[in-house]
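Quantities reported herein were computed from a predicted structural model and do not represent experimental measurements.
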Amino acid sequence: MAGWTIVQVSDPSELVAASHLFDGPVTPEGAADTLGRPGHVVLLARAADGSDVGFVSGVEMRHPDKDAELFLYELGVDEAWRRQGVATALLAALRDVALARGCHGMWTGTEADNDAALATYRAAGAEIDAGSVFVVWDDLVATRADQVVREDGSGG
């Protein structure tokens with residue numbers, strides 16, 4: 001038997017308590033907003049002692065000419081629990097959530113040199129599309145301000 005269970009998060013305080021697994025601190029407001037948004041899901045891997053050892057988050061998406069799909073937003077496992085099947089179990093659980101919601105596919109993005117992530121996704125049955133490119137706007141406010149300056153003729 002695995003040394004953890006997978007739980008779907010419904011209480012924002014659970015995400016705040018699992019803050020150590022995320023890139024930065026999880027606030028009560030951020031947790032409540034995430035869990036309150038339609039289509040958002042967060043799963044935690046919880047050890048037998050009650051500590052959280054991993055998470056996966058996803059967002060259900062639908063376009064008018066495509067079937068519903070789930071975007072795997074982020075996956076993280078505590079360093080001490082890596083290479084023990086936690087990530088694979090989280091991905092399988094997220095797949096099951098996607099299927100239960102009527103999604104026909106699941107997808108994500110990662111860096112081309114993130115060998116650990118790519119190996120994990122392959123092991124979970126994903127196909128790696130090496131030709132894809134992700135385009136990112138990290139600061140929409142700055143992007144918009146730059147466009148306004150250019151459109152009115154001032155600036156570069």
Note, Val53 side chain near Arg46 side chain (heavy atom, < 4.5 Å):
no
Going hydrophobic residue to hydrophobic residue with side-chain gaps under 4.5 angstrom, can you get from Tyr73 over to Val7?
no
Residues forming a side chain to side chain donor-acceptor pair (under 3.5 Å) with Ser51, sequence neighbours excluded
Asp49
Give the cluster check for Leu91 versus Leu70: same hydrophobic cluster or not, with ILVMFWY residues linked at side-chain heavy-atom distances below 4.5 Å.
yes
What residues, two or more places apart in sequence or in another chain, satisfy side chain to side chain donor-acceptor pair (under 3.5 Å) together with Ser132?
Asp129
Would you say Leu35 ends up clustered with Val97 if hydrophobic residues are merged whenever their side chains have heavy atoms under 4.5 Å apart, either directly or through other cluster members?
no
Between Ala68 and Gly102, which heavy-atom pair has the shortest distance, and what is it?
CB-O, 4.1 Å
Thr108: partners by side-chain contact (heavy atoms from CB on, under 4.5 Å), with sequence neighbours left out:
Phe71, Leu72, Tyr121
Could you list the cluster mates of Leu99? Members are the ILVMFWY residues connected by side-chain heavy atoms closer than 4.5 Å, either directly or through other members.
none
Is the closest side-chain heavy-atom distance between Leu44 and Ile6 below 4.5 Å?
no
Side-chain donor-acceptor distances from residues 20-28 under 3.5 Å, at least two apart:
residue : atom : partner : partner atom : Å
His20   : NE2  : Asp52   : O            : 3.0
Thr27   : OG1  : Gly30   : N            : 2.9

Nearest heavy-atom neighbours spanning Leu43 and Val41:
CD2-CG2, 4.1 Å
Point-to-point distance, once rounded to the nearest 0.5 Å, from CD of Glu69 to CE of Met106
11.0 Å
What's the shortest heavy-atom distance between Ala87 and Leu75, and which atoms?
CB-CD2, 4.1 Å
Any donor-acceptor pair under 3.5 Å from Arg101 side chain to Glu60 backbone:
no
Taking the side chain from Arg122 and the backbone from Ala126, do they hold a donor-acceptor pair closer than 3.5 Å?
no
List the atom of Val16, the atom of Ala31, and the distance in Å for their closest heavy-atom pair.
CG2-CB, 4.4 Å
Below 4.5 Å, heavy atoms only, C-beta onward: do Val42 and Val56 meet side chain to side chain?
no
SG of Cys103 to CG of Asp96, rounded to nearest 0.5 Å, is 12.0 Å
Between Gly54 and Leu90, which heavy-atom pair has the shortest distance, and what is it?
C-CD1, 3.8 Å
Nearest heavy-atom contact between Val77 and Arg82 is O-NE, 2.9 Å
Apply side chain to side chain contact (heavy atoms under 4.5 Å, CB included) to the pair Val86 and Trp4, showing each step before the final yes or no.
CA-CA 8 Å; Val86 175; Trp4 67 87; 3.8 Å; yes
Derivation of the side chain to side chain contact (heavy atoms under 4.5 Å, CB included) call for Trp107 and Met61
CA-CA 11 Å; Trp107 64 282; Met61 305 172 84; 3.8 Å; yes
List for me each residue that meets side-chain contact (heavy atoms from CB on, under 4.5 Å) alongside His40, sequence neighbours excluded, and say none if there are none.
Thr34, Arg37, Val59
